[in-house]
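Have a look at the structure below, then the notes.
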There are 2 protein chains.
Amino acid sequence: MVEAIEEKNKKNASYVISSVDRAAHMLLVLAESPDSGVTELAEATQNTKSLTFRLLHTLERRGLVRKDPERRTYTLGYRALLLGDQSRRQSRLISTADPILAELSQITRENALLLVREDQKAICIAIHESPEPLRIFAAVGRLGPLHAGGGPKVLLAHAPEEVQQSVISGALEAFTEDSISDGDALMETLDQIKADGHVVSVGELDPNIFSVAAPVRDHTGAVIAALAVNGPTARLAEGTLDNVRSAVLTSATKLSQMLGGQ
Amino acid sequence: MVEAIEEKNKKNASYVISSVDRAAHMLLVLAESPDSGVTELAEATQNTKSLTFRLLHTLERRGLVRKDPERRTYTLGYRALLLGDQSRRQSRLISTADPILAELSQITRENALLLVREDQKAICIAIHESPEPLRIFAAVGRLGPLHAGGGPKVLLAHAPEEVQQSVISGALEAFTEDSISDGDALMETLDQIKADGHVVSVGELDPNIFSVAAPVRDHTGAVIAALAVNGPTARLAEGTLDNVRSAVLTSATKLSQMLGGQ
DNA sequence: AACACTGTTTCGGCTACTGAAACCAAAAGG
DNA sequence: CCTTTTGGTTTCAGTAGCCGAAACAGTGTT
């Protein structure tokens, strides 16, 4: 499997321009660890200090990175706001999902999320947060595994077979006791998800979090996203689960229709 | 002489990695013109097709760019959401201003904006939109001139002298009939703004838009941002202007206090 | 005052970036 | 249905400019 990855890398590597790749990587690292210095970032990205300094300098000129002149420390720049905002605006999926997520989070009083698959990762592309003071923290744009959690498993269940195989044959990290770390068990779950049209996942990524998710389809019927609700298991009483489940399902079909309609 | 040349070299080319710079530029261009093809972007960025293709390919691998496989067209990727979101979260200025902007837009029923200066440009870093159906479109993260509009002029008025000189001696583009395109007149206005502690600007960037702005100061008393309200001039009745003005002023001082407090 | 630490600058070698041009695939047009 | 055009992908060789190493310069610390 390492071979496969290397093969793939080699195949694509010809068109990757490495300094740009490193710059992109550094931006993403900086997003996760703000207020870092040159040395710190150099270590985090495995680059030399010189290169790190030059990358930061270059990105700063474009406003994507901001330097605190006193503390000698770097943060994402304001120009990055444009990228995030425009990315959101440019996505038809996000804009049509937005009101549905708002409604869903209001009905269930929990976080409502929209996720898509990117290669072998899940990425959350929109959130409406629970109105309750106790709620799960979730950030837009962050990558997560495909084999754990409600939304991710829905995405994996409807992913092309080669992706499923690749994920299953990889290391299935166990985040909690209830994580699925066995390939066969995972495959069964995926079949179940396809049969049920939704999934309820409890404590897979974090012991105190549950999530209910259902697939979102485009006009061809292909699954392009997962709609999910997550919240603290403490709030998961008997009756509420059914309510959440049906709310998620109706929201997902409604969103699918809106996407297919036009 | 020699110094000047050295200075110029230092500022222009010294530590900039050109491929990274071009990549950053391309991302920003892509943000403004989504769904573009390789050729189109190559023209827009003045790069060759090959380079454009390779840049896009590289950025795509990092999720910052997304390719529509059917239409052969590129858009910002979902990973850009992370950059925008984290940039917002990481800014103390934005997070403290947010509730104030919300309140201000609710009181005035117009857009409430927060702007900062970046080099010789103004950039809007936060917006709360008017609840009215008719409202000014404004995007976060976009750059604008310093010499036209309420917020920008406040920023320019409190900018270091070299910035003022540089802006004034440059080409003062006239966007409307009411734009200030004369250097001396602009300088007078700036003095007036500093004396008044706020500014009312009507029809400078667009004939149908007014704006009221006031400076935001940090704990040292330095002006670090401008708080502004803008809306359609059609809604600018006699009495309302005073209300808007006082709302902006109280909001700006409140924000300054909150920033200075800690 | 010496030290430790991080950010900045220099410099030569040589990688890997670059532009030009060929090559394809798909759409437009006749 | 063939031709033309347009736009995306791939190849290739030359050398621009990237890169790491190491010296240097600030800043805070013991």
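The chains referred to below are lettered A, B, ... by the order of the sequence lines, with proteins before strands, and numbering in each begins at 1. Any value given below was found using the heavy atoms of this structure, including those in side chains, with hydrogens, waters and symmetry copies removed.
Remark: B:Arg66 qualifies as a cation-pi partner of B:Tyr78 under the 6.0 Å distance and 45° angle criteria applied to the six-membered ring.
In this structure, CG on A:Leu93 lies 10.0 Å from CG on A:Asp218, to the nearest 0.5 angstrom. The OG atom of A:Ser19 sits 13.0 Å away from atom CE of A:Met26, with the distance rounded to the nearest 0.5 Å. From B:Ser87, atom OG reaches atom CG of A:Leu82 across 10.5 Å, with rounding to the nearest 0.5 Å.
In this structure, the CD1 atom of B:Ile17 is 15 Å from the P atom of C:dT9, given to the nearest Å. What separates CG of B:Leu51 from C1' of D:dT10 is a distance of 15 Å, to the nearest Å. The CG atom of A:Asp21 sits 14 Å away from the C1' atom of C:dC17 (whole-angstrom rounding). Between the CG atom of A:Asp68 and the P atom of C:dT6 there is a distance of 17 Å, rounded to whole Å. To the nearest angstrom, C1' of C:dG7 lies 13 Å from CD of A:Glu60. Note: CG (B:Asn47) to P (D:dA16) measures 18 Å, nearest angstrom.
A:His128 and A:Asp98 are linked by a side-chain donor-acceptor pair at a separation below 3.5 angstrom, with hydrogens and angles left out of the test.
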Could you go through nucleotides 3-9 of chain D and list every protein N or O atom that sits under 3.5 Å from one of its N or O atoms, giving the distance for each pair?
unit_1, atom_1, unit_2, atom_2, d
D:dG8, OP1, B:Val38, N, 3.1
D:dG8, OP2, B:Val38, N, 3.3
D:dG8, OP2, B:Thr39, N, 2.7
D:dG8, OP2, B:Thr39, OG1, 2.5
D:dG8, N7, B:Lys49, NZ, 2.9
D:dG8, O6, B:Lys49, NZ, 3.0

Check the pair A:Leu30 / A:Thr75 against side chain to side chain contact (heavy atoms under 4.5 Å, CB included), numbers first and verdict last. CA-CA 7 Å; A:Leu30 191 58; A:Thr75 318; 5.7 Å; no

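Axis angle between the ends of the helix from C:dA1-D:dT30 to C:dG30-D:dC1, five pairs each and rounded to 10 degrees, works out to 40°.
For A:Ala138, the side chain to side chain contact (heavy atoms under 4.5 Å, CB included) partners are A:Leu113, A:Ile127, not counting sequence neighbours.
Each of B:Arg54 and B:Glu70 lies near DNA chain C, and the nucleotide nearest B:Arg54 is the one positioned closer to the 5' end.
With respect to the salt-bridge test (charged N to carboxylate O, under 4.0 angstrom), the residues A:Arg142 and A:Glu32 qualify.
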